[in-house]
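Here the structure is a predicted model, which means the values were calculated and not measured. Only heavy atoms go into these numbers, but all of them, side chains included; no hydrogens, no water, no symmetry mates.
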Amino acid sequence: MSVVVGTVRGVNAHLVWDWNGTLLHDIDAVLEATNASFAEIGLPRITLERYRELYCVPVPKFYERLMGRLPTEAEWGVMDEIFHRHYWTLAGTCGLTEGAAELLAQRRAAGLTQSLCSLAPHEQLVPIVRMYGIEEHFVRVDGRVGASHGGKTEQMVRHLAAIEGVDPRSVVVIGDAVDDAVAAGRAGAHAVLYTGGSHCRTSLEAAGVPVVDTLAEAVLAAEQLVF
């Protein structure tokens with residue numbers, strides 16, 4: 001896909017969207033899949049509030065917060081497989097976050113560039129993005145290739161390097177996890193965090209970047225960051 005350069009208040013701005021918990025409103029599916037994986041090794045169910053309070057990346061660290069220890073390699077393998085099996089059964093029924101499709105279409109129509117960088121497996125991410133009818137709005141779509149236990153930093157660096165003509169200083173990452181802000185900062189970009197996904201507001205605010213409650217607010221905050 002070719003890169004279209006646009007201008008926001010005189011500055012070329014590029015948005016990098018997260019997928020799970022940001023553009024895709026999948027927190028209920030994530031919670032159901034998480035509880036299924038917990039049940040497999042005898043852990044009690046977790047509430048949404050508790051999930052958002054404790055969730056972090058890399059995911060084994062999240063499990064350590066719950067279990068008081070890191071899962072063994074065997075436990076991690078079982079939990080990861082169960083989680084993904086349940087999650088991908090539900091993912092196609094989740095729906096996009098309110099206003100997401102309209103925001104993406106408006107920015108593309110205005111000649112502003114945006115891309116998608118996710119830790120969802122690439123071979124599953126691309127078809128589901130296409131199914132939701134929004135693939136055409138992105139100059140690039142990158143999902144995870146390889147193991148699922150790491151964060152997004154290295155992938156974000158590769159993602160931005162692969163987009164011709166984009167200066168990381170004019171990039172804003174919009175995501176729902178502290179790891180999105182960490183990845184953005186290490187790639188030389190800005191970040192805005194959205195409260196509708198995996199973290200509670202208190203956890204997001206600790207990242208030291210703007211925190212918002214809607215995607216429309218996220219876009220406005222992003223434009224202010226590159227002004």
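Atom CG of L23 and atom CH2 of W17 lie 5.5 Å apart (nearest 0.5 Å). Taken from CG in L193 to CG in D180, the straight-line distance is 6.5 Å, to the nearest 0.5 Å. Rounded to the nearest 0.5 Å, atoms NZ (K61) and CG (L70) are 6.5 Å apart. Here the straight-line distance linking atom SG of C200 with atom OH of Y51 works out to 12.5 Å at 0.5 Å rounding. Expressed to the nearest 0.5 Å, how far CD1 of I163 lies from CG of L160 amounts to 6.0 Å. How far CG of L225 is from OG of S170: 12.0 Å, rounded to the nearest 0.5 Å.
Looking at heavy atoms from C-beta onward, H159 lies in side-chain contact with V16 at the 4.5 angstrom threshold. Contact annotation: the side chain of T22 approaches that of L215 to within less than 4.5 Å [non-hydrogen atoms, C-beta and beyond]. When side chains are defined from C-beta on, I41 counts as touching M67, because their heavy atoms get closer than 4.5 Å. A 4.5 Å side-chain heavy-atom check between D18 and I174 finds every atom pair outside the cut-off. For the pair V182 and R186, the minimum side-chain heavy-atom distance is below 4.5 Å. Side-chain contact between Y194 and T97: present, with at least one pair of heavy atoms (C-beta onward) separated by less than 4.5 Å. H137 has its side chain within reach of R108: a pair of non-hydrogen atoms, C-beta onward, lies under 4.5 Å apart. Between R107 and L15 the shortest side-chain heavy-atom distance falls below 4.5 Å.
The existence of a salt bridge linking E164 and R140 is excluded, since no basic side-chain nitrogen approaches an acidic carboxylate oxygen closer than 4.0 Å. Under the 4.0 Å criterion applied to side-chain N and carboxylate O atoms, R130 and E136 are not assigned as salt-bridge partners. Using a 4.0 Å cut-off between charged side-chain N and carboxylate O, R158 and D142 make no salt bridge.
In the hydrophobic clustering of this structure, V57 groups with L48; members are Ile, Leu, Val, Met, Phe, Trp, Tyr whose side-chain heavy atoms approach within less than 4.5 Å, directly or through other members. Cluster membership for V126 and F138, using ILVMFWY side-chain heavy atoms within less than 4.5 angstrom, is shared. In terms of hydrophobic clustering, with Ile, Leu, Val, Met, Phe, Trp and Tyr side chains grouped at heavy-atom distances under 4.5 Å, W88 and I27 are assigned to a common cluster. At a threshold of 4.5 Å between side-chain heavy atoms, the hydrophobic network of Ile, Leu, Val, Met, Phe, Trp and Tyr places I134 and V141 in one connected group. A continuous path of Ile, Leu, Val, Met, Phe, Trp and Tyr side chains, each step under 4.5 Å between heavy atoms, connects V59 with L125, placing both in one hydrophobic cluster.
Proximity of a side-chain donor or acceptor of H84 to a complementary backbone N or O of D80 within less than 3.5 Å is detected. A donor-acceptor contact shorter than 3.5 Å links the side chain of H122 to the backbone of G143. Distance alone, capped at 3.5 Å, places no donor-acceptor pair between the S203 side chain and the H199 backbone. A side-chain donor-acceptor contact under 3.5 Å links R52 to the backbone of G197. With hydrogens and angles disregarded, a donor-acceptor distance shorter than 3.5 Å links the side chain of T93 to the backbone of L90. Within the 3.5 Å criterion, the main-chain N or O of N35 finds no donor-acceptor partner in the side chain of R45. Using modelled atom types, no side-chain atom of D179 and backbone atom of P58 make a donor-acceptor pair closer than 3.5 Å. Checking side-chain atoms of E40 against main-chain N and O of V78 turns up no donor-acceptor pair under 3.5 Å. Side-chain atoms of E53 do not come within 3.5 Å of backbone N or O of R50 as any donor-acceptor pair.
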(message) Could you go through V173 and V192, starting from their C-alpha distance and side-chain angles, then the distance that decides it, and tell me whether this counts as side-chain contact (heavy atoms from CB on, under 4.5 Å)?
(response) CA-CA 6 Å; V173 176; V192 175; over 6 Å; no

(request) Determine, stepwise, if the pair V219 / Q106 fulfils side-chain contact (heavy atoms from CB on, under 4.5 Å). (result) CA-CA 11 Å; V219 171; Q106 289 166 7; over 6 Å; no

(request) Quick one: do H14 and S115 satisfy side chain to side chain donor-acceptor pair (under 3.5 Å)? Show the steps, please. (result) CA-CA 8 Å; H14 178 87; S115 58; 2.8 Å; yes

(request) Apply side-chain contact (heavy atoms from CB on, under 4.5 Å) to R85 and I82, showing your working. (result) CA-CA 5 Å; R85 172 149 46 90; I82 294 293; 2.8 Å; yes

(message) Assess the residue pair C56 and R65 against the criterion (side-chain contact (heavy atoms from CB on, under 4.5 Å)); give the C-alpha distance rounded to whole Å, side-chain angles, the decisive distance to 0.1 Å, and a yes or no.
(response) CA-CA 9 Å; C56 63; R65 291 180 174 184; 3.8 Å; yes

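Between the side chains of D26 and Y87, a donor-acceptor pair is found at a separation under 3.5 Å.
Around CZ of R201, the count of heavy atoms belonging to other residues, nucleotides or ligands within 6.0 Å exceeds 12. The neighbour count for R169 CZ, taken as heavy atoms of other residues, nucleotides or ligands under 6.0 Å away, does not exceed 12. Crowding of E154 atom CD: a count of heavy atoms from other residues, nucleotides or ligands under 6.0 Å not exceeding 12. Under a cut-off of 6.0 angstrom, the local environment of CD in E73 is sparse, with at most 12 non-hydrogen atoms contributed by other residues, nucleotides or ligands. Under a cut-off of 6.0 angstrom, the local environment of CD in E217 is crowded, with over 12 non-hydrogen atoms contributed by other residues, nucleotides or ligands. Surrounding CD of E98 are at most 12 heavy atoms belonging to other residues, nucleotides or ligands under 6.0 Å away.
Contact between A191 and A181 at its shortest, heavy atoms only, is CB-CA, 3.8 Å. In this structure, C117 and K152 approach most closely via the heavy-atom pair O-NZ, 3.0 Å. Of all heavy-atom pairs spanning P168 and A187, the tightest one is CB-O, 3.3 Å. Contact record, A207 with V178: CB-CG1, 4.2 Å, taken as the closest heavy-atom pair. Among all heavy-atom pairs drawn from P60 and P71, the shortest one is O-CD, 3.8 Å. Taking each heavy atom of L24 and C94 in turn, the nearest pair found is CD1-CB, 4.1 Å.
Results of the side-chain hydrogen bond (donor to acceptor under 3.5 Å, both in side chains) test with T195 over D176, T214, D213 single out D213 as the only residue that passes.
For F38, the ring pair (Phe, Tyr, Trp, His ring centres under 6.0 Å) criterion is met by Y63, not counting sequence neighbours.
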